[in-house]
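What follows is a set of notes on a single structure, which appears directly below.
One-based numbering, in listed order, for ligands and for the atoms of each.
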Amino acid sequence: MRKTVICDLLGIEYPIIQGGMAWVSTASLAAAVSEAGGLGIIGSGHNDGKWVREQVIRAREITAKPFGVNVMMMSPFVEEVMQVILEEKVPVITTGAGNPAKYIPQLKEIGTKVIPVIPSVALAQRLEKAGVDAVVAEGTESGGHIGELTTMALVPQVVDAVKIPVIAAGGIADGRGVVAALALGAAGVQIGTRFMCALECEIHENIKQMILKAKDRDTAVSGRVTGHPVRSLKNKLTKLYEEMERNCAPVTEMEELGAGKLKSAMIDGDTETGTVACGQIAGLIKEIKTAEEIINEIITGARSVVATLEV
Ligand code: TUI
């Protein structure tokens, strides 16, 4: 597969970035993805600076290849996580759920590449002006905290609105998705859900099995009324949310209900009352494979799709 500007920017073989998923993307997964030629990302989520430093050190013990850290901008630990990134000279960061503009000058000073995840054209343009190196345009098909636009609609509009490289995310799990993203003008892809079923992913086995069993319509979006909609697999918790939304329950009550639920799913394996965050593409995932096998399969798949596209 031909290298894209993203490969040169990040020093990687394939233009595949692994989503920095909270409680999912630990050093084990990130290092395995980087070893296989993509860019692994440690998801800091709501964890503190100490946890992030430990994960960076662990990843460096497994791989000499570049990897990144995702900073969740709504976390109370953003400041100390950014400090660890600066001290450890992490080569790449992605950000989610907010605007990282105020940290860009410091990060650029040490050469860290900054790649925010954005759900709209306006935010992509604002962050381009602030000096980011690329953006991840993430469609609403994604898992976790999501925007409104689909990948199909968002990616080409962002591509036309900015000069920096655009990475497509949301609904991509195989070679077909990669080729589609490149056809929309993206220079690479960010893949999350597929890597949840990687052998090196340390989430609870219950969650991997739930994804393998998932069908096309098995995700739901909860919490639109709170302003922080989250996509996850349907279960008792999403039913409860639905009921609360129908009954116009107070927003604070809904926010309280969500607290800690991502961890109880991913770490404790609570498939019923935890938040099993994952994307709409879960229905496509049928097997647990190593990160290397997943990446090789995606690349081989993309090549065979391209071979059928000769016009
Ligand atoms: O961030 C994600 N996915 C996430 S974060 C997360 S943890 C969480 N838990 C409860 C509530 C909220 C988060 C679980 N999954 N993906 C990247 C992403 N970023 N999607 C959408 C956005 C986004 C939304 C608004 C980025 C920027 C933004 O800007 C608002 C502003 O400040 O202008």
Counting only heavy atoms closer than 4.0 Å, does ligand 1 sit against the backbone of [X], its side chain, both, or neither?
X	result
Leu123	side chain
Met74	side chain
Pro119	side chain
Glu138	side chain

Counting non-hydrogen protein atoms only, what is the nearest one to [atom]? Give residue, atom name and distance.
atom	answer
atom 9 (N) of ligand 1	His46 CE1, 4.3 Å
atom 17 (C) of ligand 1	Val117 CG1, 3.2 Å
atom 7 (S) of ligand 1	Met72 CE, 3.7 Å
atom 21 (C) of ligand 1	His145 O, 3.8 Å
atom 10 (C) of ligand 1	Val230 CG2, 4.4 Å
atom 30 (C) of ligand 1	Gly98 CA, 4.3 Å

Output yes when [X] and [Y] qualify as a salt bridge under the 4.0 Å nitrogen-oxygen rule, no when they do not.
X	Y	value
Glu79	Lys102	yes
Lys3	Glu13	no
Glu297	Lys289	yes
Arg58	Glu54	no
Arg246	Glu242	yes
Lys163	Glu128	no

For ligand 1, which atoms, with element, lie under 4.0 Å from some heavy atom of Gly96?
-> 1 (O), 17 (C), 19 (N)

Hey, which atoms in ligand 1 end up nearer than 4.0 Å to a heavy atom of Gly144?
-> 14 (C), 15 (N)

Does any N or O in the side chain of Lys89 come within less than 3.5 Å of the main-chain N or O of Ile85, such that one atom is a donor and the other an acceptor?
-> no

Is Ala97 close to ligand 1, meaning an N/O of one under 3.5 Å from an N/O of the other?
-> yes

Heavy-atom contact under 4.0 Å between Ala22 and ligand 1?
-> no

Pairs flagged by side chain to side chain donor-acceptor pair (under 3.5 Å) wherever residues 177-187 is involved - sequence neighbours left out | none

Give a yes or no on this: more than 12 heavy atoms of other residues, nucleotides or ligands lie within 6.0 Å of atom CD of Glu255.
-> yes

